[in-house]
Amino acid sequence: FTVYFYRDPERTIPNVKGIIISPADGTVLYIKSYDGVPEVYKDGNSYILKDIQKYYPNGSYVIGIFMSPFDVHVNRAPISGEVIYVKHFDGALYPAFGEGVITKNERNIIIIKNNNTYIGVVQIAGIAARRVVCNIKEGDYVQIGERIGMIKLGSQTAVIIPKTYNITVKKGDKVYAGESIVARQKMHE
């Protein structure tokens, strides 16, 4: 099972301008539209992404991708560009007054800039997994489809896309990291 879980097959990256590709293998769990601060969801928790709102002044879409234990867990860059923001949050259990315990999932937030486009990737480990691996740092340049990390065991990856793109997937779609196109840039009239 361990060998199967850590597999990392080669992928054929689409050679098309103006696209965003899936950063993860899995099933599209949700697609949300935000005019203000974007959020991601996992294990009943909502994570408000206030730190990155400035990159999406005209709003954003967030696509959450559920990665089952049977999916490849390697994450890939959804766009080529410079890594301008990487922030890690440890997972933990916190006592909540009168409510028992609040769990917070380990997660990473990554922003990649290409010209005036900012694409976010949020890696969220499952409560049991608690192991997010990020192989890139601020200042790195990544190519679309390049491996950027992985999440061990059950997890979710979300991609944050500005509203200058049209979403090309729907809830329930199966997507593949580095291959599936999840958004296309809107054409200017």
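Treat the numbers as computed from the prediction; the structure is a model and nothing was measured.
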Does the separation of the ring centres of Y34 and Y56 fall below 6.0 angstrom?
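Aromatic pair excluded; centres sit 6.0 Å or further apart.
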I'd like to check the salt bridge (charged side-chain N to carboxylate O under 4.0 Å, His left out) partners of [X]; sequence neighbours left out, ordered by chain and number.
| X | answer |
| --- | --- |
| K54 | none |
| K17 | none |
| K32 | none |
| K113 | none |

Report yes if the side chains of [X] and [Y] come closer than 4.5 Å at any heavy-atom pair, otherwise no.
| X | Y | value |
| --- | --- | --- |
| P38 | Y61 | no |
| V28 | V175 | yes |
| R76 | T157 | no |
| Y47 | V122 | no |
| C134 | Q123 | yes |
| N75 | M67 | yes |

Over 12 non-hydrogen atoms of neighbours within 6.0 angstrom of NZ in K50
no
Between the main-chain N or O of [Y] and the side-chain N or O of [X], is there a donor-acceptor pair closer than 3.5 Å?
| X | Y | value |
| --- | --- | --- |
| S46 | Y41 | no |
| E179 | T12 | yes |
| S22 | A24 | yes |

If I take atom [atom1] from residue [X] and atom [atom2] from residue [Y], how far apart are they, to the nearest 0.5 angstrom?
| X | Y | atom1 | atom2 | value |
| --- | --- | --- | --- | --- |
| I110 | I160 | CD1 | CD1 | 10.5 Å |
| T168 | R184 | OG1 | CZ | 6.5 Å |
| I52 | K87 | CD1 | NZ | 11.0 Å |
| H73 | S68 | NE2 | OG | 6.5 Å |
| N58 | T164 | CG | OG1 | 8.0 Å |
| I109 | D51 | CD1 | CG | 6.5 Å |

Given the ring of Y30, does K171 sit roughly above its face, with NZ or CZ under 6.0 Å from the centre of the six-membered ring and within 45° of the axis?
no
The criterion is side chain to side chain donor-acceptor pair (under 3.5 Å); which residues satisfy it with N166, sequence neighbours excluded?
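Applying side chain to side chain donor-acceptor pair (under 3.5 Å) to N166 gives none.
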T117: side chain to side chain contact (heavy atoms under 4.5 Å, CB included) partners, not counting sequence neighbours
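T117 satisfies side chain to side chain contact (heavy atoms under 4.5 Å, CB included) with I79, I119, P162, Y165, Q185 once adjacent residues are dropped.
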